[in-house]
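Beneath this line is the structure, given in structure tokens, with notes to follow.
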Amino acid sequence: MVKVTLPDGAERQYNDNITVGEVARSIGSRLAEKALAGKAGGVLVDLSYPIKEDVSLSIVTEGTDEGVEILRHSTSHLMAQAVSRLFPGAKLGIGPTIENGFYYDFDLSHSLTEEDLRKIEEEMKKIIREDVVVERYELPRDIAIKNMYAQGQLYKAELIKDIEDDTVSFYQQGEFADLCRGPHIHRTGKVKVFRLLSVAGAYWRGKETNPMLQRIYGTAFFSQAELDKHLTLLEEAEKRDHRKIGKDLDLFSFHEEGGPGLTFWHPKGARIRNIIETFWREEHFKRGYDILYSPHIAKINLWKTSGHWNFYRESMYSPITVDNHEYILKPMNCPFAVLIYKTKLHSYRDLPLRWGELGTVYRYERSGALHGLLRVRGFTQDDAHIFCTPEQLEEEIIGVIELAQFMLSSFGFNDYEIELSVRGKGEKEKYIGRDTVWQHAENALKVALDRKGLHYTRMEGEAKFYGPAIDIKVKDALGRGWQGPTIQVDFNLPERFEITYVGSDGAHHPVVMVHRTVLGAMERFVGCLIEHYAGDFPLWFAPIQMRILPITDAHLDYAKKLQQKLLARNLRVECDTANNKINYKIREGTLGKIPYLLIVGDKEVENNTVSVRSRKKGVEGVFPVDDFINTVECEIRDKK
RNA sequence: GCCCGCGUAGCUCAAUUGGCGGAGCACAUCAUUCGUAAUGAUGAGGUUGUCGGUUCGACUCCGAUCGCGGGCUCCA
């Protein structure tokens, strides 16, 4: 007999080798109906899993996150089966679940098209109707490898070679079997609704030197309603796309004549940037920062000293030769701050020095990586370099974390992920500096994060070449994370440039440098902002805050005077002088996502009022001009 | 950079199997002077991304190239 402990604490006795599915059935037929898998002792197992010893068990059902994940994983197998049927000889890569769906990689000579996806979907539905049993079996590792080679499944063979266990498990459904840890749904008929979404190239195991496979992305749900909801969500996200909104709202553009990844800011986009930058400077001054300006290019030797030429060259624009000297467009601002630091001796009494710089850098991003404002080749970092003593380091990092949090929340970002980016194992040639120095730097970051009680993920191999970092990722409309703020501890550049401070003992000590941004880069930040608000910006940084709409030409004078009055109060206001009906003007203003539309006609002229229509609430009513000004000035101050 | 797809008027899109490139919006002119999401008429606009090839004839087929998109890789 075995004792099974259920989630509610109930204990039940069963015969040895009873399966998870049978336990579910013994509890209730409805549970059995909805059961997909089990969780025995915290490990996900199939319904066919035989229970051999006392265990705590929960049944994974359709309505749960784990259930959906199993469904998607099984759907990816189903897809692989369909692809294998339609394209004999297809070599299979991997087919995992991902957030909101799944994918499977295939190596086939035929290039998959959208129509192929529909055909594969049809074949998948056929397999669902066949409702074949999905069965798990195990093979000794060596035999499994031999089998895979015999079947021409080289990728699978390679995967098994990397598995350390003596036996590996497979799942058989009809004529199709696939290497998999499981668990899986027990019949193909359990798959309900799914959709194949796109095809894309993907390197085998993510390595550029490996062959490129064809990846099919798809998603699956337990109900049509859920799938529909998900597809609607994708459509909504498309509407929030900053590239579309940027065009519609006339914020920025890119030009073939200008070059890929080089942003042209239009007046309204530039206005947003200017507001953010002004806010940024003021906030920095308040927190004891000064700001710098530095050149866009510098002689190549500077970059050799800094290490960029050796460790960062592939991201740098090629040298420009002037008067027999080679110059490089700066990919980073740090060496410039160092040069300024070196212009005089610094006492420990002067530290920390916090030097901010809205520095425009140029990096050669591979053409395929470019993406609207979110990944460009020329961008302005809201950079700063802090020079401090080792003792001050922790406090400085905490100060930066707090500033970054303040900045993000000021712009409405409360959902972001924090990563601690450290060196990858066994690729030391990618980084400069000694182990002890790296250890020290990493520890400082870790301690600061812990002191702030922040949750973070440790990311191996994500460090910069000169030091580890705290990276904060904000999300776009599709939930893709983009690195924004970053805090990097650097003991290496100070050493390379031999920058020191004079301590109380009168001796020179190496200074510690912190590189950081609190927004990331203006381009990316504005891109994320657009998606976050879908172009519907809060009043305080909306490029146009209000537009005056005169009913007829007879009200133009009043409208113009009103505009002057509002401009004088530093409000961003337009006047719609076009010869159009008021309905038309309102429509234009609404589509332009202008926070306030101020309608003025006979009544308003007579009483010195405005009829206010807000984007948030629609018709707000008629207010004396000064009252309206008061209201919006409060709203701007509160950054609502 | 790699795989796949896409480039037609400022924008969003049409154009049988290769046979004289159209529409809506925006813009200009004229009329209209209007109260909370589109007034009407007229007009202007293009070497179909670029270069080359096939053809009597190319937006359409082929090649190259530039740019964009979805991913992979890479990163603020």
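As the structure is a prediction and not an experimental result, all values here were calculated from the model. Below, chains carry the letters A, B, ... as their sequence lines are ordered, and counting in each starts from 1.
Here A/Asp383 lies out of heavy-atom contact (under 4.0 Å) with every strand. At a threshold of 4.0 angstrom between heavy atoms, the contacts of A/Gly484 are confined to the sugar-phosphate backbone, with no base atom among them. Residue A/Asp553 is in base contact, counting any heavy-atom pair closer than 4.0 Å across all strands shown. Backbone-only contact: A/Ile582 has heavy atoms under 4.0 Å from sugar-phosphate atoms and none from a base. Within 4.0 Å (heavy atoms only), A/Val361 reaches no atom of the nucleic acid at all. The residue A/Gln483 sits close only to the backbone: its heavy atoms come under 4.0 Å of sugar-phosphate atoms, none of a base. Among the heavy atoms of the strands lying under 4.0 Å from A/Glu604 is at least one base atom, whether or not backbone atoms are also near. A/Lys207 comes within 4.0 angstrom of no nucleic acid atom, judged by non-hydrogen atoms across all strands. In this structure, A/Arg613 reaches the bases: a heavy-atom distance under 4.0 Å links it to at least one base atom across the strands shown.
Side-chain nitrogen and oxygen atoms of A/Arg480 include at least one within less than 4.0 Å of the OP1 or OP2 phosphate oxygen of B/G71. Contact between the side-chain N/O atoms of A/Tyr364 and the OP1/OP2 oxygens of B/C75 is not found at any separation under 4.0 Å. OP1 or OP2 of B/G1 has at least one side-chain nitrogen or oxygen of A/Ser367 nearer than 4.0 Å. When the side-chain nitrogen and oxygen atoms of A/Tyr217 are compared with OP1 and OP2 of B/C72, one or more of them lie within a distance under 4.0 Å. OP1 and OP2 of B/C68 both lie 4.0 Å or more from every side-chain N or O belonging to A/His371. For A/Lys247, no side-chain nitrogen or oxygen approaches OP1 or OP2 of B/G10 to under 4.0 Å.
Under the 4.5 Å side-chain criterion, counting only non-hydrogen atoms from C-beta, A/His110 is in contact with A/Asp116. Looking only at side-chain heavy atoms (C-beta outward), A/Asp553 and A/Leu556 come within less than 4.5 Å of each other.
A cation-pi arrangement, defined by a distance under 6.0 Å to the six-membered ring centre and an angle within 45 degrees of its axis, is present between A/Arg287 and A/Phe406. Relative to the ring axis of A/Phe102, A/Arg72 does not place its NZ or CZ within 45° and under 6.0 Å from the centre.
For an aromatic pair to be called close, the ring centres must be under 6.0 Å apart, and A/Tyr466 with A/Phe311 fails this.
With 3.5 Å as the limit, one finds no donor-acceptor pair spanning the side chains of A/Gln381 and A/Thr517.
Residues A/Glu531 and A/Lys475 are not paired through a salt bridge, judged by the lack of any N-O separation under 4.0 Å between the basic side chain and the carboxylate.
Only the P atoms considered, B/A76 is 47 Å distant from B/A37, to the nearest whole Å. Rounded to whole Å, the separation between the P atoms of B/G53 and B/U17 comes to 27 Å. B/A14 and B/G49 have their P atoms separated by 14 Å, with the value rounded to a whole Å. Comparing the P positions of B/U55 and B/G18 gives a spacing of 16 Å, expressed to the nearest Å.
Stacking annotation: A/Phe379 is stacked on the base of B/A76 (ring centroids less than 5.5 angstrom apart, interplanar angle below 30 degrees).
Atoms CG (A/Leu478) and C1' (B/G71) sit 12 Å apart, rounded to a whole Å. The CD-P distance, from A/Glu238 to B/G69, rounds to 13 Å in whole Å. Rounded to an integer number of Å, the gap from CD of A/Glu588 to P of B/A37 is 14 Å.
Residue A/Ser611 places its side chain closer to B/G35 than to any other of B/C2, B/G1, B/G35.
More than 12 heavy atoms of other residues, nucleotides or ligands lie within 6.0 Å of CZ in A/Arg615, so this atom counts as buried by the packing criterion.
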**OP:** Dot-bracket notation for RNA chain B is requested: 5' to 3', Watson-Crick or G-U wobble pairs only, both distances under 3.5 Å, with ( ), [ ], | and . as defined.
**Re:** (((((((..((((.....[..)))).(((((.......))))).....(((((..]....))))))))))))....
